[in-house]
Amino acid sequence: MNAPPLVSMLVSVLGGGAAALFVATLGIVGPTRVRDAYGTFRERARDASKYLGLLVVVLLVNKLARDVGPEVSWLLGWNVTGLIYAVEGNFVMHVQSLATPTLTAVLSAIYLSGYVFLLTFPFVAYFVATDRRPLKLTAVAYAVNYGIGLCCYILFISYGPRNLLPGQVESLLYVTYPQTQILTRQVNVNTNVFPSLHTSLSVSAALVAVRTYGEYPVWALVAPILASAVAFSTMYLGIHWALDVVAGALLGVASVEIADSVVDARTDETSST
């Protein structure tokens, strides 16, 4: 019996991310580090539980709010699509002039599975790391990204270049792999493109990765490259404008800064009790 299309897509996308996660866990984290941390798993989970719990709560709120968010957006009526196009013009069309079947296949895989890997690997790596701060920082930074991103999606109506300029900007992901729409429709709507959360979350993951150079030097090099590729793929595939990507990068940086303050404040509070 054939699996439903959504399940088939989830298996394909998550399978790619899981395969990369497995290889990276073996190659970057290493069995020795996992084995050494094994006896402290429960204590590590308890130590990070409030930060991870915050992320879970924000994700649940995000999921619920996205069901009613578009209706609120249309009531407010702040459509910034024309303004974005007026500022950057045909930049995405120039990006798509680079298109080849091979590049489309590679960037589609990065946009889907590479993004999943980039966002999930830090939780594995930092959970067993000597320094426990990056795990807390990542959880809070992701929560801030989703929280601010959701507010922007409710406030602003913004269509992507493939929607505003059909025939000029190709929807390369959906034209080449139409089944991917089954998955993306489950997590977003086409009026939610400003800012690019693919970019903001990737930038946050890369920034935290750079800070862990001493423990994970390979990851500190891989993460920024992968984050850059994810950001580029959003424009190449016709999903986001360049301004979405710029705003996403700024949000990613700001989220890490805010997360720094939250973790510091929580650490000081714990130390004083």
Side-chain angles (χ1 to χ4, degrees), residues 10-56 58-59 106-107 109-146 197-233 249 252-253 255-257 259-260 262-264 266-267 270:
L10 279 172
V11 169
S12 177
V13 172
L14 297 181
L21 193 64
F22 179 74
V23 172
T25 300
L26 285 179
I28 296 177
V29 176
T32 302
R33 186 180 277 106
V34 175
R35 187 171 55 247
D36 290 346
Y38 178 74
T40 61
F41 276 10
R42 183 172 298 180
E43 193 272 326
R44 286 170 181 268
R46 187 167 54 246
D47 184 40
S49 60
K50 291 185 178 178
Y51 304 92
L52 296 171
L54 171 66
L55 176 58
V56 171
V58 170
L59 289 174
V106 171
L107 290 176
I110 288 173
Y111 179 81
L112 295 170
S113 296
Y115 176 66
V116 171
F117 165 65
L118 178 61
L119 264 55
T120 54
F121 177 68
F123 289 107
V124 176
Y126 303 153
F127 185 74
V128 298
T130 304
D131 183 2
R132 301 183 185 184
R133 181 182 171 84
L135 176 62
K136 302 170 183 174
L137 197 60
T138 298
V140 178
Y142 285 7
V144 175
N145 270 291
Y146 279 113
L197 277 185
H198 260 67
T199 300
S200 68
L201 287 160
S202 297
V203 167
S204 289
L207 288 175
V208 178
V210 170
R211 296 187 183 188
T212 64
Y213 180 83
E215 186 154 12
Y216 295 120
V218 174
W219 178 239
L221 296 175
V222 169
I225 294 172
L226 186 53
S228 300
V230 169
F232 182 75
S233 73
V253 173
S255 295
V256 174
E257 292 295 322
D260 257 330
V262 171
V263 174
D264 283 344
R266 180 62 190 168
T267 302
T270 303

Under the 3.5 angstrom rule, does the side chain of [X] hit a backbone N or O of [Y] as a donor-acceptor pair?
X: H198; Y: Y111; answer: yes
X: S49; Y: R46; answer: yes
X: S200; Y: N145; answer: no
X: Y216; Y: A209; answer: no

How close do [X] and [Y] get, heavy atom to heavy atom, and via which atoms?
X: G114; Y: L226; answer: O-CD2, 3.7 Å
X: V116; Y: G17; answer: CG1-CA, 4.4 Å
X: W219; Y: L118; answer: CH2-CD1, 3.6 Å
X: S113; Y: G16; answer: OG-CA, 3.8 Å
X: A139; Y: Y51; answer: CB-O, 3.6 Å
X: R44; Y: A129; answer: NH1-O, 2.8 Å

Return all side-chain donor-acceptor pairs below 3.5 angstrom for residues 28-36, not counting sequence neighbours, or 'none' if the list is empty.
| residue | atom | partner | partner atom | Å |
| --- | --- | --- | --- | --- |
| R33 | NE | E215 | OE2 | 3.3 |
| R33 | NH1 | V29 | O | 2.5 |
| R33 | NH2 | E215 | O | 3.4 |

field: All side-chain contact (heavy atoms from CB on, under 4.5 Å) counterparts of A20, not counting sequence neighbours
entry: F117
task: Any pair with a residue in residues 10-31 that passes ring pair (Phe, Tyr, Trp, His ring centres under 6.0 Å), sequence neighbours left out, goes on the list, sorted by first then second residue, please.
output: none
Nearest 0.5 Å please: distance from the [atom1] atom of [X] over to the [atom2] atom of [Y].
X: I225; Y: I110; atom1: CD1; atom2: CD1; answer: 11.0 Å
X: Y142; Y: S255; atom1: OH; atom2: OG; answer: 11.0 Å
X: L119; Y: L201; atom1: CG; atom2: CG; answer: 5.0 Å

field: Results of ring pair (Phe, Tyr, Trp, His ring centres under 6.0 Å) for F127 - residues two or more places apart only
entry: F41
- line: With sequence neighbours left out, the residues meeting ring pair (Phe, Tyr, Trp, His ring centres under 6.0 Å) with Y146 are none
- request: Show your working on side chain to side chain contact (heavy atoms under 4.5 Å, CB included) between L207 and V253 and close with a plain yes or no.
  value: CA-CA 8 Å; L207 288 175; V253 173; 3.8 Å; yes
- prompt: Can a salt bridge be assigned to the pair D260 and K136 using a cut-off of 4.0 Å between side-chain N and carboxylate O?
  reply: no
query: Are L55 and L59 close enough, and set up right, to give a side chain to side chain contact (heavy atoms under 4.5 Å, CB included), and what steps lead you there?
result: CA-CA 6 Å; L55 176 58; L59 289 174; 4.1 Å; yes
field: Residues that E43 engages under salt bridge (charged side-chain N to carboxylate O under 4.0 Å, His left out), provided they are two or more places apart
entry: R132
query: Side-chain contact, heavy-atom cut-off 4.5 Å: V230 with T199?
result: no
- prompt: Side chains of R211 and D131: closer than 4.5 Å at any heavy-atom pair?
  reply: no
- request: Please say which of L135, L137, V203 ends up in a side chain to side chain contact (heavy atoms under 4.5 Å, CB included) with V208.
  value: L137
